[in-house]
Structures are given as structure tokens and as C-alpha cells.
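A short worksheet on the structure shown next.
Ligands are counted one by one from 1 in listed order, and the atoms in each one are counted from 1 as well. Here, residue 1 is the first one in the sequence, and each next residue gets the next number. Since this is a predicted model, take the numbers as computed values, not measurements.
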Amino acid sequence: MMGTVVLKGLVLVILGCLLPAVLVQCRIRHYKFNVVLKNHTRLCSTKEIVTVNGKYPGPTLVAREDDTVLVKVVNHVKYNLTIHWHGIRQIRTGWSDGPSYITQCPIQPGQTYTYNFTLTGQRGTLWYHAHILWLRATVHGAIVILPKLGVPYPFPKPHKEAVVVLGEWWKSDVEAVINEALKSGLAPNVSDAHTINGFPGPVKNCNSQELFNLSVRPGKKYMLRIVNAALNEELFFKIAGHQLTVVEVDATYVKPFKTDTIVISPGQTTNVILETNKFAGKYLVVVSPFMDAPIAVDNATGLATLHYATSNRSTTLATTLTAPPPINATQISDSFTKSLKALNSNKFPALVPQTVDHSLFFTVGLGVNPCSTCVNGSRVVAAINNVTFVMPTISLLQAHYFNIKGVFTADFPANPPTPFNYTGNQVTNVATTTGTRVYKLPYNATVQLILQDTAMLTPENHPFHLHGFNFFVVGRGVGNYNPNTDPKKFNLVDPVERNTIGVPSGGWTAIRFRADNPGVWFLHCHLEIHTTWGLKMAFLVDNGKGPNQSIIPPPTDFPKC
Ligand code: C2O
């Protein structure tokens with residue numbers, strides 16, 4: 001039975017790709033990811049890190065819209081492993097989404113799994129990362145989805161393109177950092193450096209030339225595909241003496257606008273056009289953290305250079321400097337976020353749901369639960385609607401698909417169990433409840449979700465990521481969301497479409513999406529420490545009618561728990 005299904009699937013893939021090949025250039029792209037340990041030297045010290053094919057960041061995966069991508073992942077390390085293709089919709093192919101224990105059991109040491117997905121209706125920059133433990137600190141890379149052959153960008157074609165992956169580097173072993181924090185119940189150590197394509201730039205007390213350089217020619221347009229692969233930090237990005245034109249975020253086109261500073265949260269991607277309108281010289285590129293709450297962050301500035309290749313190589317040029325914005329520059333962050341609007345052209349319309357079938361209100365924030373073995377007798381946790389999510393031991397998608405009872409309950413609360421003044425300064429910390437609870441949606445339902453930050457412990461900006469969908473960011477505000485007045489101000493015409501959005505410190509964000517992808521889809525804060533602490537839940541979207549609206553069967557090499 002299984003054999004016939006697989007055979008039929010194969011025939012369909014072959015027919016689907018070969019027959020119209022001349023017309024639609026349908027292609028299958030093969031990649032092999034060997035996940036291996038590798039020695040890397042940063043900040044003048046060497047340590048072993050987990051990498052894809054020995055590289056940090058990992059190799060860039062390049063494909064075209066409509067391509068089918070097959071990535072054979074071989075796990076050569078001692079950790080259980082999964083890879084998530086962040087932002088790829090995975091329509092009906094949840095088995096290839098990658099979050100451990102949500103859509104799959106991990107690939108165990110020595111095992112192999114081939115992720116198989118099609119890039120339907122998407123083009124732009126996305127990225128992949130390990131989705132288990134804190135391995136994504138070093139197991140990550142960019143995904144470049146080119147438009148279909150012959151289809152231009154909706155902006156002038158850049159002379160060249162470059163991938164710019166921003167990351168965080170710890171001197172010590174990252175798994176040790178989080179394990180130590182979980183044991184104590186306290187926050188983990190912050191990173192020691194911010195990296196740009198793997199290099200932090202010159203750092204104090206270290207003479208090595210750890211600098212990424214982007215070499216350009218004058219009078220051209222370059223497209224930078226910027227990815228924030230940091231674990232826990234929202235970042236500012238700027239280049240001395242140059243403005244940047246934002247054209248795309250999270251693989252959706254936006255109305256172009258100019259800015260000198262990009263704000264990018266963990267999980268997000270941003271494409272900008274850089275005009276090389278100087279004649280010569282070197283210009284500093286800076287990456288620094290944004291944090292407008294009383295939370296410790298790594299305040300090191302990552303540095304790189306933009307170098308005009310025309311400059312006479314024999315002369316040593318001074319670098320044109322620039323200072324990063326203040327760490328708590330809420331204003332810069334706000335105005336950047338407000339400038340983002342969907343392109344909403346005839347070719348790329350913003351299909352914002354105009355009506356709402358499921359209206360949800362989720363509080364997102366921290367909490368404190370008792371812990372007898374922890375340092376203070378308590379541990380910091382995080383929760384959505386007061387539920388601290390507990391990871392199951394087999395994946396939710398398997399439990400759903402094979403109807404295995406006792407793994408989760410479909411009773412995730414649509415509203416906070418007890419309403420309170422969420423962002424007031426007299427918020428008292430209450431213990432959270434724990435559970436593996438999902439929210440069930442019928443196929444094609446429209447959803448409005450208000451994500452409301454709370455002041456429990458402290459308000460803080462939470463970059464929320466939804467798997468399996470893009471959503472529209474229809475509203476945003478400070479303080480408590482007001483269901484009577486705030487919806488009147490929603491943008492239902494050209495709101496930005498993306499897969500990860502920051503809930504502002506002590507404020508709220510409203511998103512809308514259509515549940516047109518059957519499966520189990522993770523929603524979580526993309527600050528890895530908050531995910532670890534339980535700031536996560538999942539949506540279960542039922543099959544619709546017929547095979548085109550149903551989850552495909554799992555592949556034969558699907559990992560076992
Ligand atoms: Cu980029 Cu669930 O993650």
C-alpha cells in the first residue's frame with residue numbers, strides 16, 4: 001500500500017516536472033548536508049563547532065521558484081538533529097518542516113533523512129537552521145530563491161548579489177551555555193561577539209584579521225540578502241556613508257524605501273539595494289544589538305568593510321567610520337517597522353483576509369515557576385496564555401496523522417485564562433501552567449491573532465515566528481490592545497507580509513493569515529532562550545477536501561523516535 005503511494009508520488013513528481021519542463025523550467029535541486037564537527041578560530045581562540053559541510057555559516061542553498069529541493073542530511077555528530085527551512089511554506093509537506101518533536105523525530109547520530117519540498121509561490125531570501133537544542137547557533141545558512149526564469153525582480157536588476165548572514169559567537173560551547181542556564185534556572189550567558197558572514201571584525205586583545213569584506217565597484221547597484229541568524233538578539237545593520245533601499249523582507253516584496261539603518265530580528269531576512277555612489281575608499285559596516293528592556297545583551301559591535309575595488313591597492317586607505325545606534329533606540333526600530341508595507345502590485349497582490357473566522361488573543365511573556373534544585377528555588381519560564389509548552393516525545397504531526405492518543409490536547413486557550421492589566425507596572429508574577437496543547441483550525445479558516453506582550457518579570461520585544469504560513473501584520477501598538485478602538489486602525493490594504501514579527505516591548509502586534517496548509521505548525525518566539533523556556537505552541541490545521549488539500553503521506557526514511 002505504502003509502496004503504491006510512494007510510486008504514485010514518484011510518477012507524479014516525474015510527470016509534473018518532465019512534461020511541462022520546456023514551459024515552466026521545473027527542476028529538482030539536490031543538496032547534501034554533512035553535519036560535522038569542525039575546529040573554528042574566532043576571537044583568537046579555537047573551538048569545535050557543529051557545522052553543515054564544515055562551514056560557518058553553512059553553504060547557501062540556491063533554487064528557483066517552483067523547484068523541488070531535496071536535501072540529504074547526514075548526521076555525523078553526537079547530537080540528535082533536525083533542520084528547519086525557515087519561511088518555506090511546506091504546503092502539505094509538514095514532514096519536511098523540521099522543528100524537532102513538532103513535525104518530526106530527530107535524525108539520530110549516524111542516521112540520514114532527505115528533506116523534500118517544493119518552492120511554491122515564493123521567491124526571495126530565506127534561511128535554514130537546526131531546530132533542536134541550541135545547535136542553530138552554528139548550523140545555519142541562507143536560502144536564495146530566484147524568481148522563475150524570465151521573471152524579473154519588481155525593481156531594477158542589481159549588478160551583483162551578496163548574502164550577509166548575521167550571527168552570535170560564544171567563546172564557550174553553546175550547548176554547555178544553555179545546559180548551565182537550565183540547571184540554575186537563570187538566564188544564560190550572553191554571547192561574546194556578533195558575526196558578519198562568520199567574522200566579528202577586529203576585536204580587543206586579538207590581532208587576527210577576522211574581517212568580512214565586501215568588494216564593490218562604483219556606480220552600481222548591489223543587492224544584499226541579510227539574514228539574522230543570531231540566537232537571542234535583534235540587530236541594527238548599517239553601512240557608513242550609504243543609504244539602503246529595502247525591497248523585500250522574509251521573501252515577500254515590499255514598497256521600496258530608503259533608510260540608513262536596518263532593524264532585523266532573529267529569524268527575519270531583509271533584502272536591500274546598496275548603491276555604490278562613492279568613487280573609492282573603505283566604509284565600515286556595523287552590526288549591533290537592539291534592546292529596549294532591562295535585559296542583559298551582548299553589547300559587542302560586529303564590524304565588516306565595504307571596499308571600493310577601484311582604490312589604489314598600494315595606498316592604505318582610512319576607513320570611513322560610522323557609529324551604531326544606541327542600544328535602546330526604540331524610535332529607530334519603530335520607524336523602520338512602520339515603513340514596511342507590502343508591494344501590493346498586480347503581480348504580487350496582498351491577499352489580506354478581510355473577514356475573520358477565528359479571533360485569538362495570546363499573551364506572550366515570562367514567568368517564574370518553582371524549582372527545588374535551582375539557584376533561587378525557582379526558574380524563569382515563558383508562556384503563551386499562561387501555558388508553558390512542554391515538548392512531547394514523539395512529534396505532534398505523527399501523533400495527529402497516525403491518530404496516536406495521549407501526545408497532545410487540542411484545547412489551547414483562545415484567550416488569556418484570567419484577563420489582567422498586561423503591561424501595567426503592578427503585574428505580579430504568577431506561576432504558569434504546563435502542557436502540550438494545540439489550537440485546532442479547519443482548513444482555509446481565516447485567523448486574526450493578537451500577540452500581547454506582558455510585563456511579567458519584564459516587558460520585552462518578542463520576535464514571533466509562525467511555521468507553514470506567511471501572515472500579514474495588520475496592526476501594532478503600545479500598551480494593552482483595545483478590541484474596541486484598535487481594529488479601526490488596522491491596515492487591511494497593504495500590510496507587510498512575513499513569517500517573523502517583533503511584538504514590541506510592552507505592546508502588541510496583530511496578524512492575520514489563512515489556514516490553507518494542513519498539518520501541525522509551530523508558533524514561537526525566535527529568541528532561542530524564550531523558545532527553550534516555553535514561549536511556543538502549535539496550530540493543528542485539518543485536511544480540506546481531497547488530496548490537494550491533505551497532508552501527503554510521510555516519506556519512507558522518516559526518522560524514528
Ligand atoms: Cu526559524 Cu521554528 O524557527
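Note on H526: counted as a metal contact of atom 1 (Cu) of ligand 1, an N/O/S atom lying under 2.8 Å. Residue side and main chain included, H467 places no N/O/S atom under 2.8 Å of atom 1 (Cu) of ligand 1. Checking H131 against atom 2 (Cu) of ligand 1, an N/O/S atom falls under the 2.8 Å cut-off. Among the backbone and side-chain atoms of H524, an N, O or S atom lies under 2.8 Å from atom 2 (Cu) of ligand 1.
Not less than 6.0 angstrom separates the ring centroid of H462 from the ring centroid of H524. Between H84 and H140, the distance separating the two ring centers is not shorter than 6.0 angstrom.
In this structure, R42 forms a cation-pi arrangement with F199, its terminal cationic atom sitting closer than 6.0 Å to the ring centre and no more than 45° off the ring axis. Both the sub-6.0 Å distance and the 45° axial angle are satisfied by K47 relative to the ring of W169.
Counting only distance, with no hydrogens or angles, the side chain of H194 and the backbone of P289 share no donor-acceptor pair below 3.5 Å.
The N, O or S atom of H86 lying closest to atom 1 (Cu) of ligand 1 is ND1.
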